[in-house]
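In what follows, a single structure is set out as structure tokens and then discussed.
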There are 2 protein chains.
Amino acid sequence: MLSFCKYIFAPYIAPMTKTDRAHWNGCPTRYAAGIVGDKWCFLLMRDVLLHGKRTYSEFLSGPEGISTNILADRLSRLERNGLLDRRTDPRKGSRVCYFPTRKLRDLLPALLAMMVWSVKYDADTEAPDSFAASFVADPAATIAWYEADIDRVDQDILGAPAE
Amino acid sequence: MLSFCKYIFAPYIAPMTKTDRAHWNGCPTRYAAGIVGDKWCFLLMRDVLLHGKRTYSEFLSGPEGISTNILADRLSRLERNGLLDRRTDPRKGSRVCYFPTRKLRDLLPALLAMMVWSVKYDADTEAPDSFAASFVADPAATIAWYEADIDRVDQDILGAPAE
DNA sequence: AATTACACTTGCAAAAAACAAGAGGAATCA
DNA sequence: TGATTCCTCTTGTTTTTTGCAAGTGTAATT
């Protein structure tokens with residue numbers, strides 16, 4: 001590792017000119033914050049990766065009550081950033097499906113780590129202890145298990161004959 | 001694990017009444033989103049955990065250019081949520097220090113996982129490959145290494161004799 | 001041909017964020 | 001002691017984003 005400031009820290013915060021600020025990345029935290037550092041993106045990630053939701057109306061029906069314009073905005077933003085793959089639903093041509101890309105799937109470890117943290121600190125959590133325990137015990141296996149579910153959902157939609 | 005919907009997914013999204021919505025947690029993703037699902041909180045976490053920043057003016061001087069009212073708001077929010085411990089600086093009584101709590105430190109795994117993801121997908125990243133490699137190879141050791149740095153920063157401030 | 005389902009879009013009021021300037025309190029200095 | 005400086009916020013004001021309600025366009029259904 002490399003030294004930074006007074007102590008040894010991640011060294012990738014470069015100085016930047018004022019004009020660069022808006023679009024410059026290079027810092028991994030800022031890159032992530034720019035893409036998922038938003039409550040709604042965060043919850044949509046959960047819906048896609050963990051709850052098997054794929055359509056506009058499924059997202060809309062969530063308990064948080066996202067409004068339609070915000071949902072449309074976030075979906076297009078996530079698509080633009082390469083996290084979602086937008087296609088018409090083969091089961092019904094007037095419907096649209098948003099599939100998770102590999103890039104989104106690769107956020108599973110971070111998402112699950114965040115959930116383990118929540119389970120530890122949220123007194124009102126409804127998640128079972130077994131969830132956190134299994135991820136801590138064997139992260140790779142837990143992730144593989146979630147990925148298999150994601151595959152099952154997507155294949156169910158894409159592999160189905162048109163009605 | 002338990003079954004959910006059509007497939008096997010995390011089962012902890014309970015139905016909720018309209019009045020509950022604003023403050024209800026129980027879902028780990030929503031809990032995390034409510035606390036760190038914000039660009040500025042995210043970046044402040046980075047400054048405290050990875051860059052050794054502790055004071056208002058240090059946060060203010062970051063390359064992202066946070067405005068003063070937003071900074072004050074986020075600091076008090078993070079303190080209210082038990083992520084930061086606000087104390088006067090023993091080195092100088094007119095200054096305030098914000099120390100990371102255990103609860104904040106426990107976000108390191110999630111934060112680092114997010115950074116590994118960014119390094120993989122951000123073409124402009126300035127983080128060295130060694131960073132991601134070491135975390136993937138041995139997460140626990142990498143986290144311990146960052147924690148030691150955090151200890152060093154805090155002890156340097158708290159243990160220093162008043163000037 | 002008319003109706004329904006679905007995925008958005010638009011317009012408007014309300015809330016939040018960005019920006020600029022300044023207040024107040026401790027330490028330092030004349 | 002009183003003026004000065006440093007530092008942590010406040011307080012307006014402007015700009016942007018959000019939330020809500022209603023409407024539009026396209027594809028299936030009847």
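The sequence lines fix the lettering, A, B, ..., with proteins before strands; numbering per chain opens at 1.
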Report the distance from atom [atom1] of [X] to atom [atom2] of [N], rounded to the nearest whole Å.
X: B:Leu75; N: D:dT10; atom1: CG; atom2: C1'; value: 14 Å
X: A:Glu79; N: C:dC8; atom1: CD; atom2: C1'; value: 13 Å
X: A:Arg91; N: C:dC6; atom1: CZ; atom2: P; value: 11 Å
X: B:Leu43; N: C:dA18; atom1: CG; atom2: C1'; value: 16 Å

Side chain to side chain contact (heavy atoms under 4.5 Å, CB included) partners of A:Ser67, counting only residues at least two apart:
A:Asn69, A:Ile70
Distances under 3.5 Å between nitrogen or oxygen atoms of protein and nucleotides 4-8 of chain D:
from: D:dT8; atom 1: OP2; to: B:Ser57; atom 2: N; distance (Å): 3.0
from: D:dT8; atom 1: OP2; to: B:Ser57; atom 2: OG; distance (Å): 3.1

For A:Lys53, check side-chain hydrogen bond (donor to acceptor under 3.5 Å, both in side chains) against everything at least two apart and list the hits.
none
Shortest non-hydrogen separation from B:Phe135 to B:Thr142 and the atoms involved:
CA-OG1, 3.5 Å
Please report the closest heavy-atom contact between B:Ala32 and A:Phe42, naming both atoms and the distance.
CB-CE2, 4.2 Å
Spacing of [X] atom [atom1] and [Y] atom [atom2] [to the nearest 0.5 Å]:
X: B:Leu84; Y: B:Arg54; atom1: CG; atom2: CZ; result: 9.0 Å
X: A:Tyr98; Y: A:Leu75; atom1: OH; atom2: CG; result: 4.5 Å
X: A:Asp138; Y: A:Ile143; atom1: CG; atom2: CD1; result: 9.0 Å

Estimated bend of the helix from C:dA1-D:dT30 to C:dA30-D:dT1 (axis per five terminal pairs, rounded to 10 degrees):
0°
Stepwise salt bridge (charged side-chain N to carboxylate O under 4.0 Å, His left out) test for B:Asp122 and A:Arg30:
CA-CA 10 Å; B:Asp122 179 12; A:Arg30 193 188 312 184; over 6 Å; no
Per-pair distances, 0.1 Å, donor-acceptor, side chain in residues 106-116 of chain B, under 3.5 Å, sequence neighbours excluded:
from: B:Asp106; atom 1: OD1; to: B:Arg102; atom 2: NH1; distance (Å): 3.0
from: B:Asp106; atom 1: OD2; to: A:Lys120; atom 2: NZ; distance (Å): 2.8
from: B:Asp106; atom 1: OD2; to: A:Tyr121; atom 2: OH; distance (Å): 2.5

Distances for protein N/O vs nucleotides 17-22 of chain D N/O pairs under 3.5 angstrom?
from: D:dT18; atom 1: OP1; to: A:Arg74; atom 2: NH2; distance (Å): 2.7
from: D:dG19; atom 1: N7; to: A:Asn69; atom 2: ND2; distance (Å): 3.2
from: D:dC20; atom 1: N4; to: A:Asn69; atom 2: ND2; distance (Å): 2.8

Salt bridge flag under 4.0 Å for residues A:Asp154 and A:Arg87
no
